[in-house]
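Structure first, commentary second.
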Amino acid sequence: MSDANLWLDEVYQGVVRTGFRLKRRVFKGKSPFQTVEVVETAGHGKLLLIDGMTMVSERDEFVYHEMIAHVPLFLHPRPRRVLVIGGGDGGTVREVLRHKTVESCVLVEIDGLVVATSKKYIPKTASALSSRRAQVRIEDGVKFVRETSERFDVVIVDSTEPFGPAKELFGPTFYKDVRRVLTERGIVVSQAGSPFYELGTIKNLMKILKAVFPVADAYTFTNLTYPGGLWAFAYASKGVHPVRHFNSARVKSAQMPLQWYNAEIHAGAFALPEFLRKAVGR
Ligand code: SAM
């Protein structure tokens, strides 16, 4: 077997390479937006890739999806309506719907190929997309937020990096629209990238959030799959502070079967390393 069949190399920013030992290449398809692939690896389960970038690995996707969903949902006093933008693999929706107060989770994913591929090849991640509380809309999240008259308690931006269709999801106009669709104690969290490789993106995003929301901050997690391990989410709200207003008893009483998120991890995730604290402007 040639090396290309033995290893999948994800090259990131042309400076770092992550190799995953392959068992087999499962799927490759092209949509009008991007190339979508699924491979089966020897050590990380199946991977979903978009344009050669690893989005999800079955081995550690629980980390990312628990951290993007449970931080805002255990903070909002009573989350009932949630909007997820991007997130076509379904992992974020699965975690959101663990919260019994959530009556409806609208997923707005621009690429139907991502949803179809995830349902077929990573069903554990995509399991909640067919829940009666989930509503999947295949359209541009930027346009949806600009035009919708619906209101949401929590908005989760689970997007790719700021290029292609995701570019405007990192801009001021989008976040002014997010502020409009959030209810009065609304919270938004967004995939913000690597503090090591994309500190500029995080800085810009924080500047935009601080200009639009009274509360803006960042939190981190570490995982196996993304380059450098350490990864960040941006947090903003109309008044709910991510640590001061966090009631750890809610997590304990929810008795949710989780693998990463817990009350200590919630508080600790907002303790930032000094270079990131400065970049976030805290
Ligand atoms: N966890 C991954 C990460 O951290 O990079 C993201 C997962 S999810 C697969 C990212 C999704 O965002 C992709 O399916 C992509 O199609 C979607 N996306 C990008 N731009 C979008 C837009 N403007 N509206 C809706 N979905 C968008």
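For the single chain, residues carry numbers from 1 onward in sequence order.
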Check the surroundings of atom [atom1] in [X]: do more than 12 heavy atoms from other residues, nucleotides or ligands lie under 6.0 Å from it?
| X | atom1 | answer |
| --- | --- | --- |
| R151 | CZ | yes |
| R179 | CZ | yes |
| K238 | NZ | yes |
| E168 | CD | no |

Inset, instruction - Show your working on salt bridge (Lys or Arg N to Asp or Glu O under 4.0 Å) between E264 and K252 and close with a plain yes or no. - result: CA-CA 11 Å; E264 293 73 25; K252 294 189 171 88; 3.7 Å; yes
Between [X] (side chain) and [Y] (backbone), is there a donor-acceptor pair under 3.5 Å?
| X | Y | result |
| --- | --- | --- |
| R185 | G239 | no |
| E66 | Q259 | yes |
| N223 | Y226 | yes |
| S118 | I122 | no |
| D51 | T35 | yes |
| E109 | D111 | yes |
| R277 | R282 | yes |
| S127 | K124 | yes |
| K210 | V280 | yes |

Legend entry - Pair E161-Q191, side-chain hydrogen bond (donor to acceptor under 3.5 Å, both in side chains): steps then yes or no: CA-CA 8 Å; E161 307 294 277; Q191 192 280 109; 2.9 Å; yes
May I ask you to test the [X]-[Y] pair for a side-chain heavy-atom distance under 4.5 Å?
| X | Y | value |
| --- | --- | --- |
| D140 | V108 | no |
| C105 | R133 | no |
| P242 | V215 | yes |
| L47 | F20 | yes |

Inset, instruction - Assess the pair F270 and F246: is the distance between their ring centroids shorter than 6.0 Å? - result: no
Legend entry - Ring center gap for F213 and Y235 short of 6.0 angstrom: no
Inset, instruction - State the CD1-CZ distance between I202 and F170, to the nearest 0.5 angstrom. - result: 10.0 Å
Inset, instruction - Could you grab the distance from atom NZ of K46 to atom CD of E58, nearest 0.5 Å is fine? - result: 5.0 Å
Legend entry - Shared hydrophobic cluster, L107 / I110 (ILVMFWY, side-chain heavy atoms < 4.5 Å): no
Legend entry - Shared hydrophobic cluster for M55 and F27 (ILVMFWY, side-chain gaps under 4.5 Å): yes
Inset, instruction - Can you spot which of T225, D158, D89 makes a side-chain hydrogen bond (donor to acceptor under 3.5 Å, both in side chains) with Y64? - result: D158
Work out which heavy atom in [X] is nearest to a heavy atom in [Y]; give both atom names and the distance.
| X | Y | value |
| --- | --- | --- |
| F275 | P195 | CE1-O, 3.4 Å |
| V154 | P79 | CG2-CB, 4.4 Å |
| S248 | A263 | CB-CB, 3.6 Å |
| Y12 | P227 | CG-CG, 3.4 Å |
| V114 | I50 | CG2-CD1, 3.9 Å |
| E150 | F144 | OE2-CZ, 4.0 Å |

Inset, instruction - Under the side-chain hydrogen bond (donor to acceptor under 3.5 Å, both in side chains) rule, what do N204 and T201 come out as? Steps first, then yes or no, please. - result: CA-CA 5 Å; N204 292 338; T201 303; 5.9 Å; no
Inset, instruction - Could you tell me whether the side chains of D153 and T183 share a donor-acceptor contact shorter than 3.5 Å? - result: yes
Legend entry - Residue from Y219, F221, F74 passing ring-ring contact (aromatic ring centres under 6.0 Å, His included) with Y261: F74
Legend entry - Partner of H70 by ring-ring contact (aromatic ring centres under 6.0 Å, His included), out of H99, H76, H266: H99
Inset, instruction - Determine, stepwise, if the pair E61 / R94 fulfils salt bridge (Lys or Arg N to Asp or Glu O under 4.0 Å). - result: CA-CA 11 Å; E61 55 94 345; R94 180 194 65 206; 2.7 Å; yes
Legend entry - Electrostatic pair R17:D9 at N-O distance under 4.0 angstrom: yes
Legend entry - Reference residue E103; test salt bridge (Lys or Arg N to Asp or Glu O under 4.0 Å); the match among R81, R80, R132: R80
